[in-house]
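Numbers restart at 1 for each chain; the letters A, B, ... are given by sequence-line order, proteins then strands.
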Amino acid sequence: MLLPNFCKSFIIKIYLIKMAEEEKQYDFLAIEKKWQKFWEEEKTFLAEDNSEKEKFYALDMFPYPSGAGLHIGHPEGYVASDILARYKKACGFNVLHPMGWDAFGLPAEQYAIKTGTHPSVTTQANVDNFRRQIKSIGFAIDWDREINTTDPNYYKWTQWIFLKLFQRGLAYVAEKPVWWCPNLLAVLANEEVVDGKSEVGGHPVERRNLRQVVLRITAYAEKLIAGLDELDWPNSTKRQQKAWIGRSEGAEVQFVIEGADEALKVYTTRPDTLYGATYMVVAPEHPLLDKLVIPENENEVKAYIQAAAKKSDLDRTDLAKDKSGVFTGSYCLHPLSGEKVPVWVADYVLITYGTGAIMAVPAHDERDFEFAEKFAIPIKRVIARVDGDEEKSKLPYSGSGIMVNSADYDGLEADKCKAQIISDLEAKEIGKGAVNYKLRDWIFSRQRYWGEPIPLVWVSREDFEKAKMTEGAIRDLLPEEPVTSDKDGVTLYALPIPASELPLKLPEVEKYQPSGTGESPLATIPDWLNIWYDLATGLAISQNEAKPNGENWVSATRETNTMPQWAGSCWYHLRYLDPNNTEHLVDPEKEEYWGGPDFYIGGAEHAVLHLLYARFWHRFLHDEGVLAHPEPYKKLFHQGLILGEDGNKMSKSVGNVVSPDVVINAYGADSLRLFEMFLGPLEAVKPWSEKGIEGVHRFLKKVFREANSAHKHLVGEEKNPETLRLLHETILKVTESIEDLRFNVAISQMMILANHLQKVESFSIETIKTLLQLLAPLAPHLSEELWEKVGGTPSIVNQAWPQARKELLVSDEITIVFQVNGKLRGESKFSKEATKEEIISKAKEHEKVLAFTTGKEIVKEIYVPGKLVNLAVKG
RNA sequence: GCCCGAGUGGCGGAAUGGUAGACGCUGCGGACUUAAAAUCCGUUGCCAGUAAUGGCGUGAGGGUUCAAGUCCCUCCUCGGGCACCA
């Protein structure tokens, strides 16, 4: 019994010794720590502001520092941008690769509500953890430019941009529907509402109109569409933005209400179907509805309006498979035929789009058709297919064709007739050409604590009029149209907190709970809310102090809403250029030099919101003369999701989440970086694989061994022609692949070279040095370590990027493959000088080719120079 | 319903219209070792055959071409986006 135990422990001891040796061989943890320290101390990745060099700015969508820490998906994009950053640096560019924190947001606030911990405390802890994790992956980040959206020195400028928008009339206040939970007494964000219930507690929620600050993004609709053309973005993302903005062209037509002086305005994209309008529909919220309803129908219509008001957006759209509506009892007169057209109210017409009323053409619109069938309303065809194809011209028919039943327009081509009809309507002053957008204005306020305070105060009409007349900073900041809001039946007027008084900091608060009234927790702090405000200078002090002397001091209340999380991320790409500037958002000279990111990478889930909002702000600041460039992100890329090993989306509840910390401990950051890129195309959705990472780890160990095998190293240029050729093939392919963001292909090629170096007896030390340079952007720690080992001076990124000698890739001997009818039948080697005739006749004589050609007629001979011969045979 | 994108071995994936399956993983066989780990060598699309070799093969069906994973048409499946926007 003793002996086996003794043997066992002896074996374990030997194993441990061997393990220690192995670790000494490629001790990635020590190597990575060493070089991360080196980069930090040497400030290797400092971006220079006044450089003569050409710039390259690589930007990642900055993370929200959650409590859960980084997961394996985060670094995918960061690694990609880092590879580019390091590659461009080696190519001689002045590179900026920054990192920061999008740190306002719900989770910290929810945690605060639960525990009473100030969100800034939670945020700080999370940021520290994220920074630690990101640093452990060894990115070429200029940490001197780190930013944080919750830092008052940062959000001072977020507020400053808001003031500009306010000044230009692009901000207003309106009642807008938001999710309201009567049980929680709180406004909920979309993501807090799951299946019509609150995510917390599962309480029912409803749409409720609440006072909101709104940004007029619709004023930029045209510019946002036009700007897309110049962007190097994924087509799908451009298309999504275009669809989101949803521009359509058509006409606004007036239908006079029978027996009234007024007309009902409708919007249509199909003025050519005007004669097919057999009824009209107004939205339940339409302002003229009251006048349209005849007394006999009043009860029914009222009931319908009430029912519609109770429906959520979801019920009114998705789930409302069946059309509903009620006849108002009124008629309009058709603008061209003068016929009576009944007016209905139905909730399939939205008050928020167009004029909130439509002319219904059931013959040529699916929705109207469905409605007309249900309520037995006449259906009148006015477009006929030219080819008379009965199947395809079945009603409802929305295609093109020839106009019929349309009086003077009969026989004309419908598409071409649109403009004709519009101009005819214009001549009669009963219509005009019109453009509409699906894009809605941006609800910019949140009834939350943990966000940027909106720098507005509210005063009475008298005080507002006085402010307009008072010389000083405030008067100049006012928009042409005053921003107003009704509170308890009194109209209040908005005045700004001027730039000189920014940042308007978040006050301390005792409770983070919502106020219960649908206002933010800030509304519960009277000391902060009620102020004395100087109409000339914008100075403000709490009303718990005595009113200061001076005629310009008035009583005011602060705006209590805060900004949405999007605000800080709308312009962060600018702040990296000049993170500590106290005078400007960004120094114009620096903005001129750096411009926008040359490469921007992040998830496709931001295709519309973040990327559209940021473009809006950037374009606005450009129009204001603050920025030299109109568009923020010239080149955009979306990395694909990394799934769990089981092929499912990584999630805590499924338990398939992989933490980078664990992977780094087991294989090192270089293996992690390399494997995330080796997994597949950057844009593809792909599953993680524990086994797979061992493959790239093995490759790194191989490089490590070959770089350390001093006995195989030769001085001077590479003598082995095969090695030399492969080396330059690798330089070419790796360079091209990095430029094309095809890092998986670059890695494959380096594996091929490493496998070759392992097989040959010796190779030049220059060869391994070049390989290390190629590898450096992808696996920077190991490359630095080995570069130093083979006699290079760190840092390896300061070495000029290797240039491929293309002349080496053309060999004297070429291999030509022989095909018969496109199928491979043989191959042969020829000298570079061999003629077409020589090669073809050799092909015909080839034994295996003969087997497929004898007894048959060669009808065609194809020769692709340097590649192949294809003989087409018959019979 | 509409608009995109993608379907290639057991798996992740390579292939300017020109040798399909590079590279990696897995499996199998072997070397080294007392043994293991590590490392290395060979092999690994399917079918037939001891083999040489032949046939089939890139979601399905058609087409263009001397030649198609790649281009065109129709369809299927999966993924993403939009969804009563007149």
Side-chain angles (χ1 to χ4, degrees), chain A residues 7 11-12 14-15 18-19 21-22 25 234-237 239-240 242-244 246-248 250 266-270 273 281 316-318 320-321 323 346-350 352-361 364-368 370-371 398 436-440 604-605 607-608 638 640-641 647 675 678-681 683-696 698-699 701-702 705 742 744-752 754-755 758-759 815-827 848 851 858-864 866-873:
Chain A
C7 280
I11 286 165
I12 288 169
I14 287 178
Y15 175 78
K18 292 264 183 171
M19 278 299 286
E21 276 175 8
E22 179 60 33
Q25 280 187 1
N235 270 329
S236 62
T237 304
R239 225 176 276 121
Q240 274 183 59
K242 239 179 207 163
W244 189 263
R247 182 185 198 276
S248 75
V266 301
Y267 172 73
T268 178
T269 55
R270 293 294 301 272
T273 63
V281 182
R316 278 187 64 166
T317 57
D318 285 17
K321 297 254 155 57
K323 295 269 180 296
D347 67 1
Y348 81 91
V349 170
L350 309 174
T352 47
Y353 184 78
T355 60
I358 61 160
M359 64 174 208
V361 185
H364 305 290
D365 181 283
E366 222 175 288
R367 298 152 298 181
D368 298 344
E370 196 190 320
F371 191 87
S398 56
N436 258 303
Y437 304 93
K438 290 188 200 172
L439 183 70
R440 305 290 149 85
E605 67 273 19
V608 274
H638 300 305
L641 219 59
F675 186 54
F678 190 62
L679 227 38
E683 67 277 14
V685 178
K686 56 236 160 195
W688 181 257
S689 155
E690 180 75 28
K691 283 284 179 195
I693 196 168
E694 285 179 14
V696 294
R698 219 168 280 166
F699 160 66
K701 281 202 275 190
K702 197 174 285 183
R705 268 199 313 275
R742 292 153 44 81
N744 52 332
V745 181
I747 295 165
S748 296
Q749 186 60 37
M750 288 189 279
M751 284 174 168
I752 293 170
N755 288 345
Q758 176 188 269
K759 282 193 179 87
T815 301
I816 303 288
V817 304
F818 303 147
Q819 297 180 339
V820 178
N821 284 345
K823 287 201 173 108
L824 180 71
R825 296 303 176 192
E827 63 172 52
K848 282 175 196 161
I858 297 177
V859 293
K860 202 161 188 181
E861 298 167 351
I862 310 287
Y863 173 62
V864 182
K867 289 227 157 134
L868 59 78
V869 170
N870 188 14
L871 303 174
V873 300

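For B/U39, one of the phosphate oxygens OP1 or OP2 lies less than 4.0 angstrom from a side-chain nitrogen or oxygen of A/Lys701. Distances shorter than 4.0 Å separate none of the side-chain N or O atoms of A/Arg239 from OP1 or OP2 on B/G80. Between B/C40 and A/Gln758, a contact under 4.0 Å exists linking OP1 or OP2 to a side-chain N or O. A/Gln749 has no side-chain polar atom (N or O) that falls below the 4.0 Å cut-off from OP1 or OP2 of B/A14. OP1 and OP2 of B/G12 both lie 4.0 Å or more from every side-chain N or O belonging to A/Lys691. For the pair A/Asn755 and B/G24, the criterion of a side-chain N or O lying under 4.0 Å from OP1 or OP2 is met. Of the side-chain N and O atoms in A/Arg698, one or more sit less than 4.0 angstrom from OP1 or OP2 of B/C25.
Applying side chain to side chain contact (heavy atoms under 4.5 Å, CB included) to A/Gln749 and the options A/Ile752, A/Ile747, A/Val745 leaves one that passes, A/Ile752.
Checked by distance alone, A/Lys867 brings a side-chain donor or acceptor within 3.5 Å of a matching partner on the base of B/U16.
As judged by a 4.0 angstrom heavy-atom cut-off over every strand, A/Arg825 is placed among residues touching the sugar-phosphate backbone only. In this structure, A/Ile752 reaches the sugar-phosphate backbone alone: every heavy-atom distance under 4.0 Å involves primed, P, OP1 or OP2 atoms, never a base. Looking at heavy-atom distances under 4.0 Å, A/Ser248 makes contact with sugar-phosphate atoms alone, never a base. Counting any heavy atom pair closer than 4.0 Å across all strands shown, A/Lys242 reaches no nucleic acid atom.
Listed nucleotides: B/C66, B/U19, B/U53. Nearest to the side chain of A/Lys848: B/U53.
Of the C1' atoms belonging to B/A48 and B/U34, the separation is 45 Å, rounded to the nearest Å. Between B/A68 and B/C75, the two P atoms lie 24 Å apart (nearest whole Å). Nucleotides B/C82 and B/G13 are separated by 31 Å at their C1' atoms, to the nearest Å.
More than 12 heavy atoms of other residues, nucleotides or ligands shown are found within 6.0 angstrom of CD on A/Glu683.
In terms of position along RNA chain B, the nucleotide closest to A/Asn744 lies nearer the 5' end than the nucleotide closest to the other residue of the pair A/Asn744 and A/Ser689. Each of A/Pro681 and A/Ser236 was matched to the nucleotide of RNA chain B holding its nearest heavy atom; the match closer to the 5' end belongs to A/Ser236.
Between A/Phe675 and A/Trp688, the ring planes are perpendicular. Angles over 60° get that label, and only those under 30° would be called parallel.
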